[in-house]
Amino acid sequence: MAYNHQEIEKKWQKYWQEHKTFKAENHSKKPKYYVLDMFPYPSGAGLHVGHPLGYIASDIYARYKRHQGFNVLHPMGYDAYGLPAEQYAIQTGTHPEVTTEKNIKRYRKQLDQIGFSFDWDREVRTSDPSYYKWTQWTFIQLFHSWYNRRTDKAEPIAGLVKQFETAGNSGVDAVCDETPVFTADEWNAMTENQQQDILMHYRLAYLSETMVNWCPALGTVLANDEVKEGLSERGGYPVERKLMKQWSLRITAYAQRLLDGLNTVDWPDSLKEMQRNWIGRSEGALLRFQLASPVKGLENYKGIEVFTTRPDTLFGATFMVLAPEHELVEKITSPEQKEQVEAYVQWAKNRSERERMTEVKKVTGEFTGAYALNPLNGKKIPIWIADYVLAGYGTGAIMAVPAHDSRDFSFARHFELPIIQVVNKAGEEPSDPETWDESYDAKEGVMINSGFLNGMDVKKAIRAAIDKLEETGIGTGKINFRLRDAIFSRQRYWGEPFPVYYKNGMPYTLPEDELPLKLPEVDKYLPTETGEPPLARAKNWKTKEGYPLETNTMPGFAGSSAYYLRYMDPHNEREYFSKEANQYWRNVDLYIGGDEHAAGHLIYSRFWNKFLYDLGLACEPEPFKKLINQGKIQGRSSFVYRVNMEKYAEHLLWERMKKMGRANDIIRGYKDGRRKFDFYNAERELIIEIKSRDKLEKLEPYYEAYIRKTNRRLIMIPIADIIENMDVTIDEITQALESTKKGVIFNRGKIRELKPLFVSKNLVDRNLYSTPLHVDINLVDNDELDIEAFKQWRPEFADAEFVLEDGKYICGYEVEKMSKSKHNVQNPDDLIEKYGADTLRLYEMFLGPIDQDKPWDTKGIEGVYRFLRKLWRLYFDEDKFIVNDKKATEPEFKVLHKTIKKLRDDIERFSFNTGVSAFMICVNELTDLKCHKREILEPLAVLLEPYAPHAAEEIWESLGHKGGVSKVDYPEFDEKYLKEDTFSYPVSFNGKMRFKIDLPVDMPKNEVEKTVLAAEEAQRWIEGKTIRKVIVVPKRIVNVVVG
RNA sequence: GCCCGGAUGGUGGAAUUGGUAGACACGUUGGACUUAAAAUCCAAUGGCCAUUGCGGCCGUGUGGGUUCAAGUCCCACUCCGGGUACCA
């Protein structure tokens, strides 16, 4: 029986589906294990070989865990909302749901073909109303919650209202927007709208006027993580800052817990580091600078608030800088400076984010004419505005310490502001900052010029400065975060509608029993004429009572933030998920996905989970215990080299002339003023010009004129003549050189049209006259081009010609991103048909470590396919099953148990590539031993199942078992089969391995030393030298030091 | 600029705790089988030198160091990839 992968794989995929083999039970005495993949956005292009890489790894692990007796939850679903389907809807009018459904079908088919052990009964789709009901539900909970700093968790807003009613807000310590203090009486006297307005400052989901990333091309706002280098992540369109009323989530309330939680999870360090940077915690002080002279309208102003991480350098603060958007700018600007300041503010406002980013080095700013007082020494310092100070970070104002901050330094230099050194590098003399090339930013040194701080080191001085600030009431110690609240509105159609309506302009949430609020039909997927989001087009988009519903929709991360929880209990209609299900499954044990989600999905879902944790719904504070980033599979592009005919003709002619020995009297690339000619012979004053015939005919009159003027001679040669009739051309040129005929020589011979010409990669000087062109990788095998297929690929290449090397056309290659336009996309369907899913699974794992990026190269897949067939031949010959019940020998047991140990260790450390190698070694060795024994081959089938489940099932059935192999116990490793009596010691001299010697494993060190030194092979290394030292590491190595 | 990761044959990679560098594959070359092809099998395959045999020297991005012993540890640097970008 030959290995027929197509038949086998179909058979077992059907079996698994019919028997619901991989269904996970919510009630089980077995321990649980939750293996999750980041669910995909089903794009129209379908899967390419890069997508399943992580799925295969997680599937192997899930299957392995089942063999270990775990109840494994391994679900799959779809992140179904997304821009591509909506952009397609805008272009074609097709409802995004239709497109999405179609794409999901395709994905499902492709996924099924690979033989994943997903429990498809638990599939979720973010765009399914029964799913997004709970996304909306969570939003309602966020809306009705606030963050209590005292208890350090989210609490119901109703409790807050009660406090306001009885005691006002002075005793409340919340993460909230700036809110004036009010008493209970004042609260109770407020109108409902006023109260709602106040509450909005506290809600975890809140509506506010904020600076947002507005992307005009997409017609929507974007969250910070959706903007990369000033462009939208999807599509790469420009993004600008804009003040808009938007929903936000108060994720900043969780900043510290998000940071702390990172220490409790087993994630790649780089990913944790990325999140730490994104959260951006900095410790410092918040302090106030008083204005030097009173300003009208600011009589009660408490002073300009500033955040600094270096309160120790306060004595070195020689000026202040406000962000152009700072509210104070308008008020403090002196009449003399008004014009310049207003102009600067206007200029800064109109600058795009991108301009701002690319012009980082440019120093700009303007003096306001106002002064502040240094709170420690009372010195008067000028207040400037500049856009290097960001309105969105800290307080939007800084104290500038030019001596110790590089940005302040360059600003001070540019505007000639004073620089005072206050930190001195230990062991160095203080120097005049005027002589400095750069600031001294280091966080170490001794304080100078700093009053009471003098002599302290930086660390101590920071503490002392904060203490002083707190003592005098000037400021307080403060921790600041870079993390911003997440903007949660999108002006798009294809997303979850907000369960929100407006009464008197104030937002209220729908009652929970009216969920889900379904996405309405619209006539077009575009904004309205007045610029409102697409949902404003929906008819009757209002509540039963007639209140208008919110027209924004939620962003992509809304639906993906807690899908792992819904998988635990996906069909629950009464609640998000049952307490029992959550108590059992708890959180994800292994999560596999790409690291592009570091600052987006993986932060949002941690936040979302923590909120549900505060609510008492989720029982674990972190959603993903262990996380692995699978590397990207890059494309391997193939290139053909298309000849540039003119360059090629020049090249050919020149080569020929060199051969004829004319390289000395003919100049190539001759220049006469601004004119350029291909070749020139000075002695005979002959110019040689090569061009296409068309061009030559057009240029003829100009050349005539030029020749007449300069009294030179010129021969014009059509490209085709050179390429197709070199000898004749050479004769012509020779004649022309010898003759004295004046004027232009142009022989209008019979000329064929030139066909596209391609040169093979390794031909000499190829790069001088050809340009690389991406060619479809399916037309290339082992870098050799299938010329006939290539001719049919594109009509314009139908009669192309080729310059070969060794009778072949060899293509070049390069590793780059897999994309349609580069013709390097490898789709798994073709490979599965040819080699089977088991081969694909093995090969993807065999490529290299799971977490590394690696190029896709189909070449190696043959080797893995060969391995599977070789394995098959241990069980079957041409026509029958050949496994026998003979007793296995010791060497056979040794092979098996070595493999069990290796595979188990490799799988535990997620080293799947070496696992595949272990199988190959095992099969090679068993083949050499001609082993067809059940005692060996039965356990081997179980070992194989996680990697190549179809083949394993078929083998298992042939071995006479019923009911499938997927839950059979993993083979036990037994040390006794690996015991060796002797060890083959590598013996090195001065660290270089010279020979090996077999010695008993239990031989004592001194015996080993004696035996080795006495060995025959040792003599030539010892001879004439002194033995200085002998190192014996039992069962490892012997090293003899001679000299 | 700052932070993180990486660099090993022609290619993908292995070497898990400092202990035989190049496992396992691909590719290449030669051979067997075959009318032929496919499939399969065998042999060689880091570089250089010597090949009559033994063999020898060099070699994990570069330069230095620690050690009996370094791909692995330390210092300095080069190049490549990713993140971030005036975050006070």
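To find a chain, count down the sequence lines: A is the first, B the second, and so on, and within it residues start at 1.
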Check your understanding: Excluding sequence neighbours, so at least two apart, what forms ring-ring contact (aromatic ring centres under 6.0 Å, His included) with F481(A)?
Key -> none
Check your understanding: When you measure from the side chain of F307(A), which nucleotide among A88(B), G19(B), A23(B) comes out closest?
Key -> A88(B)
Check your understanding: Does any donor atom in the side chain of D485(A) or T252(A) lie under 3.5 Å from an acceptor atom in the other side chain?
Key -> yes
Point to revise | Flag, side chain of Q1019(A) to backbone of L1013(A), donor-acceptor distance under 3.5 Å | key: yes
Point to revise | Closest-nucleotide 5' rank along RNA chain B - winner of M274(A) and R281(A) | key: M274(A)
Practice item. Ignoring hydrogens and angles, tell me if any N or O in the side chain of T308(A) forms a donor-acceptor pair with the backbone of R310(A) under 3.5 Å. Key: yes
Review point. Does N913(A) make a side-chain N or O approach to OP1 or OP2 of A23(B) shorter than 4.0 Å?
Key: no
Practice item. Please name the residue in the list Y388(A), W347(A), Y344(A) that meets the side-chain hydrogen bond (donor to acceptor under 3.5 Å, both in side chains) test with T364(A). Key: Y344(A)
Point to revise | Between U20(B) and A69(B) - C1' atom distance, rounded Å | key: 12 Å
Point to revise | Nearest-Å distance once atom C1' is located in both G19(B) and G31(B) | key: 39 Å
Review point. Heavy atoms under 4.0 Å, any strand shown: does K902(A) hit a base, just sugar-phosphate, or nothing?
Key: base
Check your understanding: Aromatic rings F910(A) and F912(A): how do their planes relate, parallel, tilted or perpendicular, breaks at 30° and 60°?
Key -> perpendicular
Practice item. Quote, to the nearest angstrom, the P distance that separates A7(B) from A15(B). Key: 12 Å
Exercise for review: Compare the minimum distances between each of C86(B), U40(B), C68(B) and the side chain of R869(A), then state the nucleotide with the smallest one.
Suggested key: U40(B)
Check your understanding: Which nucleotide in the list A88(B), G19(B), G56(B) gets nearest to the side chain of W1021(A)?
Key -> G56(B)
**Study point:** Interatomic distance where CG belongs to N990(A) and C1' belongs to G56(B) [whole Å]
**Key:** 16 Å
**Study point:** P-based separation of A76(B) from C4(B) [nearest Å]
**Key:** 13 Å
Point to revise | Candidate nucleotides A88(B), A15(B), A25(B), ranked by approach to the side chain of T308(A) - the nearest | key: A88(B)
Exercise for review: Please state how far atom CD1 in I1037(A) lies from atom C1' in G19(B), giving the value in whole angstrom units.
Suggested key: 4 Å
Point to revise | Nearest-nucleotide pick for S270(A), side chain only, options being C4(B), A25(B), A15(B) | key: C4(B)
Review point. Between D853(A) (CG) and G83(B) (P), how many Å, whole number?
Key: 11 Å
Exercise for review: Compute whether any side-chain donor of one residue and acceptor of the other, for S760(A) and E805(A), lie under 3.5 angstrom apart.
Suggested key: yes
Revision key, fill the gap. Checking A15(B), G13(B), U20(B) against the side chain of K996(A) (C-beta onward), the nearest is U20(B)
**Study point:** salt bridge (Lys or Arg N to Asp or Glu O under 4.0 Å) between R636(A) and D783(A), worked out
**Key:** CA-CA 11 Å; R636(A) 186 184 189 276; D783(A) 289 339; 3.1 Å; yes
Review point. On a whole-Å scale, what distance lies between the C1' atoms belonging to U16(B) and A21(B)?
Key: 16 Å
Check your understanding: On a whole-Å scale, what distance lies between the P atoms belonging to C57(B) and G1(B)?
Key -> 44 Å
Point to revise | Below 4.0 Å: OP1/OP2 of A88(B) and any side-chain N or O of S282(A) | key: yes
Exercise for review: Figure out the CG/P separation between L847(A) and G12(B), and round it to whole Å.
Suggested key: 11 Å
Review point. When the nearest nucleotide of RNA chain B is assigned to K870(A) and to V389(A) on a heavy-atom basis, which residue is associated with the more 5' position?
Key: K870(A)
Review point. G61(B) and G9(B): how far apart are their P atoms, nearest whole angstrom?
Key: 8 Å
**Study point:** Phosphate-side-chain proximity, K1029(A) and A69(B), N/O vs OP1/OP2 below 4.0 Å
**Key:** no
Exercise for review: Would you indicate which nucleotide in G12(B), A15(B), A85(B) comes nearest to any side-chain atom of T914(A)?
Suggested key: A15(B)
Review point. Which is true for R636(A) with a 4.0 Å heavy-atom rule: it touches a base, it touches only sugar-phosphate, or it touches nothing?
Key: nothing
Check your understanding: Relative to the ring of H5(A), is the ring of Y3(A) parallel (under 30°), tilted (30 to 60°) or perpendicular (over 60°)?
Key -> tilted
Check your understanding: Closest to the I921(A) side chain: C24(B), C68(B), G56(B)?
Key -> C24(B)
**Study point:** Distance, rounded to the nearest Å, where Q852(A) contributes CD and G13(B) contributes C1'
**Key:** 9 Å
Check your understanding: With sugar-phosphate meaning primed atoms plus P, OP1 and OP2, does P268(A) contact a base, only sugar-phosphate, or nothing at under 4.0 Å between heavy atoms?
Key -> nothing
Point to revise | Candidate nucleotides C86(B), A23(B), A25(B), ranked by approach to the side chain of S917(A) - the nearest | key: A23(B)
Point to revise | Whole angstrom value for the distance that separates P of G18(B) from CZ of R1036(A) | key: 10 Å
Review point. Under 3.5 Å, is there a donor-acceptor pair between the side chain of Y809(A) and the main chain of E784(A)?
Key: no
Revision key, fill the gap. Among C68(B), A88(B), A25(B), the one nearest any side-chain atom of V1041(A) is C68(B)
Review point. How is the base pairing of RNA chain B summarised as a dot-bracket string, given the Watson-Crick and G-U wobble criteria with both distances under 3.5 Å, [ ] for crossing and | for another strand?
Key: (((((((..(((......[....)))((((((.......))))))((((.....))))..(((((..]....))))))))))))....
Exercise for review: Would you kindly give the CG-to-P distance between D441(A) and C3(B), to the nearest whole Å?
Suggested key: 13 Å
Check your understanding: Taking atom P of U40(B) as reference, at what distance in whole Å does atom CZ of F867(A) sit?
Key -> 14 Å
Revision key, fill the gap. The glycosidic conformation of G55(B), counting syn as within 90° of 0 and anti otherwise, is anti
Could you list, one pair per line, each protein nitrogen or oxygen that sits under 3.5 Å from a nitrogen or oxygen of nucleotides 26-34 of chain B, together with the distance?
unit_1, atom_1, unit_2, atom_2, d
C26(B), OP1, R866(A), NH1, 2.6
G27(B), O3', N782(A), ND2, 2.9
U28(B), OP1, N782(A), ND2, 3.1

Review point. Roughly how far apart, to the nearest Å, are A23(B) and U8(B) at atom C1'?
Key: 13 Å
Review point. Just by modelled atom types, is the P849(A) backbone N or O under 3.5 Å from a matching donor or acceptor in the K854(A) side chain?
Key: yes
Practice item. Output yes when a side-chain donor or acceptor of N824(A) lies under 3.5 Å from a complementary backbone atom of K817(A), and no otherwise. Key: yes
Practice item. Would you mind classifying the nucleic acid contact of D387(A) as base, sugar-phosphate or nothing, using non-hydrogen atoms under 4.0 angstrom? Key: base
Point to revise | Derivation of the side-chain hydrogen bond (donor to acceptor under 3.5 Å, both in side chains) call for T914(A) and D906(A) | key: CA-CA 7 Å; T914(A) 52; D906(A) 283 350; 3.0 Å; yes
Practice item. Taking only the side-chain nitrogens and oxygens of R873(A), find out if one of them lies under 4.0 Å from OP1 or OP2 of C41(B). Key: yes
